[in-house]
Amino acid sequence: MARAPERDRDAAWQRIYATVDSIPRGRVGTYGQVAVEAGLPRRARMVGRALRELPPAMGLPWFRVLSAGGRIALEGAAARRQAALLRKEGVRVSGSGRVDLAVFGWSPEE
DNA sequence: GCGCTGACTCCCC
DNA sequence: AGGGGAGCCAGCG
């Protein structure tokens with residue numbers, strides 16, 4: 001069997017999930033960062049898609065993933081929900097939904 | 001198979 | 001602070 005394209009795609013999704021799962025409590029990462037870590041440079045949108053389709057039952061810390069610059073990507077009630085989850089674990093979220101990456105940003109090496 | 005959409009990001013004005 | 005354009009590419013009609 002040479003290779004199964006479907007398998008590769010699933011593998012990519014698996015890496016995305018694994019990367020998100022590796023973001024430690026009290027820290028945050030960005031879509032672009034997760035994409036790079038998952039071996040999918042420039043594919044931040046895929047990460048967003050993967051998270052959107054994410055079954056809540058998987059229990060992944062999706063709320064620790066933000067847009068570039070530390071902004072919450074969601075809006076309205078969903079954004080408030082995410083901010084609440086982050087604050088609950090000690091991450092400071094401004095009223096406008098911004099997180100200081102210099103303070104709470106995650107470095108894969110740590 | 002083509003075209004639009006989008007939990008994104010970077011760059012320029 | 002806000003707006004436009006381009007690159008990326010999986011999913012869906």
Side-chain angles (χ1 to χ4, degrees):
Chain A
M1 291 321 188
R3 57 201 242 7
E6 280 178 32
R7 206 50 167 293
D8 291 348
R9 188 178 60 70
D10 288 343
W13 254 241
Q14 287 289 29
R15 288 199 298 280
I16 289 176
Y17 294 147
T19 302
V20 171
D21 199 35
S22 71
I23 301 175
R25 203 161 191 284
R27 292 299 194 70
V28 297
T30 66
Y31 292 98
Q33 185 179 19
V34 170
V36 170
E37 287 306 308
L40 302 167
R42 291 184 225 89
R43 240 134 311 184
R45 294 187 107 130
M46 282 12 10
V47 175
R49 185 180 302 284
L51 261 43
R52 178 171 50 106
E53 305 292 323
L54 188 64
M58 276 190 79
L60 286 187
W62 59 270
F63 52 87
R64 304 212 265 245
V65 182
L66 310 173
S67 297
R71 302 187 322 284
I72 286 185
L74 302 178
E75 285 176 37
R80 272 180 267 117
R81 207 175 307 135
Q82 179 170 13
L85 285 167
L86 288 172
R87 287 196 261 250
K88 197 162 60 179
E89 54 181 47
V91 175
R92 244 174 354 100
V93 185
S94 78
S96 51
R98 300 268 268 104
V99 172
D100 186 346
L101 292 182
V103 178
F104 302 102
W106 164 64
S107 296
E109 315 163 17
E110 304 183 42

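Letters A, B, ... are given to chains in the order of the sequence lines, protein chains preceding strands, and every chain is numbered from 1. None of the values given here were measured: they were computed from a predicted structure.
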Counting heavy atoms not belonging to A:R87, are there more than 12 under 6.0 Å from its CZ?
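Yes - once you tally the heavy atoms of other residues, nucleotides and ligands closer than 6.0 Å, there are more than 12.
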
Please set out all donor-acceptor pairs under 3.5 angstrom arising from side-chain atoms of residues 14-25 of chain A, sequence neighbours excluded.
unit_1 : atom_1 : unit_2 : atom_2 : d
A:R15  : NE     : A:A38  : O      : 2.7
A:T19  : OG1    : A:R15  : O      : 2.7
A:S22  : OG     : A:T19  : O      : 2.6

Atom pair CH2/CG of A:W13 and A:L54 - distance to nearest 0.5 Å:
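The CG atom of A:L54 is 12.0 Å from CH2 of A:W13, to the nearest 0.5 Å.
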
List in chain and number order the residues that pass side-chain contact (heavy atoms from CB on, under 4.5 Å) with A:A102, two or more places apart in sequence or in another chain; answer none if no residue qualifies.
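So A:A102 forms a side-chain contact (heavy atoms from CB on, under 4.5 Å) with A:D100.
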
Just jot down the side-chain contact (heavy atoms from CB on, under 4.5 Å) partners of A:R71, sequence neighbours excluded, or say none.
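Only A:S67, A:R98 meet the side-chain contact (heavy atoms from CB on, under 4.5 Å) criterion with A:R71.
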
In this structure, how many angstroms lie between the P atom of C:dA10 and the CG atom of A:L54, rounded?
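About 19 Å, once rounded to whole Å.
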
Using whole Å, report how far CZ of A:R52 lies from P of C:dA10.
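Whole-Å distance recorded here is 14 Å.
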
Need two values: the first and the last nucleotide of DNA chain B, 5' to 3', having an atom under 4.0 Å from any heavy-atom of chain A.
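That gives a stretch of B:dG6 to B:dC10.
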
Residue mapping more 5' on DNA chain C - nearest nucleotide basis, A:R43 or A:E53
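Of the two residues, A:R43 wins.
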
Any N or O donor-acceptor pair linking the side chain of A:R45 to the base of C:dG7 at under 3.5 Å?
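It does, because a donor-acceptor pair links the side chain of A:R45 to the base of C:dG7 below 3.5 Å.
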
State plainly whether one hydrophobic cluster holds both A:V36 and A:V47, where clusters connect Ile, Leu, Val, Met, Phe, Trp and Tyr through side-chain heavy atoms under 4.5 angstrom apart.
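No; A:V47 is not reachable from A:V36 via cluster members.
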
Tell me, do A:Q82 and A:L66 make a side-chain contact under 4.5 Å, heavy atoms counted?
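Touching, per the 4.5 Å side-chain cut-off.
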
Which residue pairs satisfy the salt bridge (charged side-chain N to carboxylate O under 4.0 Å, His left out) criterion with at least one member in residues 33-47 of chain A, sequence neighbours excluded?
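Every pair satisfying salt bridge (charged side-chain N to carboxylate O under 4.0 Å, His left out) with a residue in residues 33-47 of chain A: there are none.
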
Among residues 72-82 of chain A, which residues get a heavy atom nearer than 4.0 Å to DNA chain C?
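Nothing qualifies; none.
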
